[in-house]
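What follows is one structure encoded as structure tokens, with my remarks underneath.
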Protein chains: 2
Amino acid sequence: MTTAYQKLEDINKRIHNFGHLGAILSWDEAVNMPPGSGEARAESISELYAYISEVKQNPEIKELIEKAKSEDLDELQKANLDLMDEGWKKSNVLSTDFVRRKSMTNMKCEQAWRRLRSENNWNEFKSLMEEVVTLIREEAEMRSADTGLGLYDSLLDLYEPGLRSSEVDEIFNQLIAELPSLRDEITEFQQSRPFTKPEGPFATEDQKALGLEIINAMGFDFNRGRLDVSHHPFCGGVPEDVRMTTRYSKEDFTESLMGIVHETGHARYEQSLPRTWISQPLGQSRGMAVHEGQSLFFEMQMGRSKEFIQFALPLMKKHLYKGGNEEAWSEENMTRLYQHVTPGYIRVDADEVTYPFHVILRYEIERDILDRKIEVKDLPEVWDAKMQEYLGLSTKDNYANGVMQDVHWPSGAMGYFPTYTLGAIVASQLFSALETARPEVRSEITKGEFGNINKWLEENVWSHGSRYSVQELMQKVTGKKLNADTFIKHLKNRYLS
Amino acid sequence: MTTAYQKLEDINKRIHNFGHLGAILSWDEAVNMPPGSGEARAESISELYAYISEVKQNPEIKELIEKAKSEDLDELQKANLDLMDEGWKKSNVLSTDFVRRKSMTNMKCEQAWRRLRSENNWNEFKSLMEEVVTLIREEAEMRSADTGLGLYDSLLDLYEPGLRSSEVDEIFNQLIAELPSLRDEITEFQQSRPFTKPEGPFATEDQKALGLEIINAMGFDFNRGRLDVSHHPFCGGVPEDVRMTTRYSKEDFTESLMGIVHETGHARYEQSLPRTWISQPLGQSRGMAVHEGQSLFFEMQMGRSKEFIQFALPLMKKHLYKGGNEEAWSEENMTRLYQHVTPGYIRVDADEVTYPFHVILRYEIERDILDRKIEVKDLPEVWDAKMQEYLGLSTKDNYANGVMQDVHWPSGAMGYFPTYTLGAIVASQLFSALETARPEVRSEITKGEFGNINKWLEENVWSHGSRYSVQELMQKVTGKKLNADTFIKHLKNRYLS
């Protein structure tokens, strides 16, 4: 006889299969789809998401969950059942029709954004963004009414389940208190450490060959994944078929390369989720803070370390160096380049010292949007004011490099941004724990040996899937909850010595 | 109040949206998917097709169809309703579970085929193909029982609705009777017309640039379509987002180029289907004989004509000619090359005189498979015998270039092959009708002016979607039903003068 729990596993397997379609189609939309196909694609994907939402809302699921609770389950099955219950509640807040409207609205805005950003066209973007915000607010209000959480927390909980903005505030307040003086100190320290940029042009295919060699060394499984190009780099697809993207600049290979290393962190996590649980909630990656913890472990903790530069420089030279300007291609210069701290407009290009301010300003704006303290029309002004306050830069009339720079808001994602900086903290805590456990880690990086590092991450993080909340996971692996101390210590070590 | 007919249109819109997902995912599977992801992809796509089959089998549809029959509909709506009725019947033959099993079995075999063909590995392929054939036979038997059609006709009807194998036999018998002597005559005629192949290597990106320029001239809409690379060239995607593929050989650009021209015929058809009906059965392309009629109109009627070579040669030179060997790059040599008739192993590379034999041998084998006169294990031997009979070539031990060369059987498609040669006949009848209506067509091709040609095809064929059966369409546009006369006349004109 099939148990209620087995029936639930089958239903989740089905949801997983439909999710696969959506994930690959969304990747295709960003990477391949010709612009004129946008509307048809938006309708098809929205149809799919509406249907998935319908499947998830089947009342039978709730009955099966209640029944399964009294069945004889092992510990992992119990954890899986708890996650099903959590998912059931979240899925039942929004009507199928709302899911469809939201998907259509977000995709329309995101598709237009790709063009409008390059045109710096705020006016046309604004009205599309207003439609998106209307639905985000509605969603937050419905979720808040359902869970009793605050508006912001009701969205944050979608991206990092269990985490609350009070915990975020505590961490961000510490960063606001300590980072500005640290940044000034670093800036002064780095004044006597100038660097030069290697001169291009660097052919796209050479950059790609370099990237492929490096991510191959880092353990990316090409049998179950790809690397392509998109407007906004991301790691998408499904654990069985991970689709990373980057974008190449002919003049500067360094950012694209580190972007690829970043996405490889996401990809390794996805590719190392527990295979036997892959179609179940337990087998999914946890929240986005944990996810970003992996990508920033790869990019910031490893990738921008002097040990990594030692490993990567010969490969950079092999693929890109055409002679001349030897100074720019030295280990010391490349390390200084990759560790240079300077405020900039673009979040994804920011160094790890100024990055938190990019996140904090977005977090503050998102909260005020949800609380209806500001409207979409106010965004450029508010953005400019906060950029001046936190980074000393003005984005007046520069929408493309200001409020229109990220894909998140146009695609309807608010409550997501904090997970980037929490991810930086996760990464620093994980690396510190790893270094304590295995002091040889830095010399392994120098040699391009990532096998043991991957093994440690797999055992301690990746193989757990969604079993633990980010706080539980940090406590278990690093002995401490999420906190900014290790991160700040890491910054001091790296940038002031 | 919503009428029954409107409800049916909504249901078909939904089916269209889900079909979009399947079409792009199948394209992705052939073009992008890493091999290790095959199983997960097969499960997801099979889940989707099973669900689409479930949607199509909803008994409410039948009730709505009956109700709509007495509603006040215009002529096009009536035609659309008839097609819905036809679709309803076809969808109800196979159980959802059968659809899922068939999809899984076919995808497993097709995925393995990509690898096994390159390994010439018949033994491993055989057992997978046996599973596929078991289901094809089951399907044919179920469909035959449902419709009263013969086994072969019950499958042929899926690919070219309304066409029967008795009509196919009549045409094929004429070809078997007339083509061998014509081929011998042409072979003799061509002995005094030698040609040389342009010498490579030809860089893939140069070949691609050439292809893009040519299909752009032929009216391919890049705003709603793409050109990529796959193991077996095809035209997939959806009318709103057409995905053509080709494969490049560094040594020989000529086949790939004509392959692209071929797929452009398919693509123009899809892109020119009536937009207001795009989500409805009426707005779909008709059968595969009509479809292949468009691709062969582009490739054979236009592409391999001396007028087309006149237009394309300067572009070939611009992208690929690096000096030397001038003779090979002359109009006369290139025309001889593109019109050379010689028996070969590979169907997709065959000239239009020997091509029908590739189709006829497959057609005969398929019939015997369905009639259980031969088994999968007999295929190599039967194939070899028929190749010797029809083309004078042996494929003994050469599975890769013999029975394993096509994607159709491994992907579960039997009853499809005849549409290729019927397409050649459609193409010749259409071109002849066009030339009668517009005698200036050849001089337009010489100048690379395809606008009026496309317009004529759009008015006479493409804009009708699925409104007419292939026989009705041929009668309407060319004044005659499908027959081999015009095709044979075309061959004589082109190859013996």
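Naming: A, B, ... by sequence-line order, numbering from 1 per chain. Since we're looking at a predicted model, the values are computed, not measured.
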Over 12 non-hydrogen atoms of neighbours within 6.0 angstrom of CD in A:Glu119: yes
Residues in residues 46-53 of chain B that sit under 4.5 Å from chain A, counting heavy atoms only: B:Glu47, B:Leu48, B:Tyr51
Interatomic spacing from CG in A:Asn32 to CG in B:Asp228 - rounded to 0.5 Å: 6.5 Å
Chain B contact residues among residues 7-21 of chain A, heavy-atom distance under 4.5 Å: A:Lys13, A:Arg14, A:Asn17, A:Phe18, A:His20, A:Leu21
Side-chain heavy atoms of A:Met33 within contact of B:Ile24, under 4.5 Å: no
Close contacts, residues 230-249 of chain A versus chain B, judged by heavy atoms under 4.5 Å: A:Glu240, A:Asp241, A:Arg243
Closest-packed option against chain B by number of heavy-atom pairs under 4.5 Å, given A:Ile278, A:Asp28, A:Ile45: A:Asp28
Report, one line per pair, each donor and acceptor closer than 3.5 Å where one atom sits in a side chain of residues 209-225 of chain A; sequence neighbours left out.
| residue | atom | partner | partner atom | Å |
| --- | --- | --- | --- | --- |
| A:Glu213 | OE1 | A:Lys318 | NZ | 2.8 |
| A:Glu213 | OE1 | A:His319 | NE2 | 2.7 |
| A:Glu213 | OE2 | A:Lys318 | NZ | 3.1 |
| A:Asp221 | OD1 | A:Asn223 | N | 2.9 |
| A:Asp221 | OD2 | A:Arg224 | NE | 2.9 |
| A:Asp221 | OD2 | A:Arg224 | NH2 | 3.3 |
| A:Asn223 | OD1 | B:Gly36 | N | 3.0 |
| A:Arg224 | NH2 | A:Gln271 | O | 3.2 |

A:Gln6 CD: over 12 foreign heavy atoms closer than 6.0 Å: yes
Heavy atoms from other residues, nucleotides or ligands near CZ of A:Arg115 exceed 12 (cutoff 6.0 Å): yes
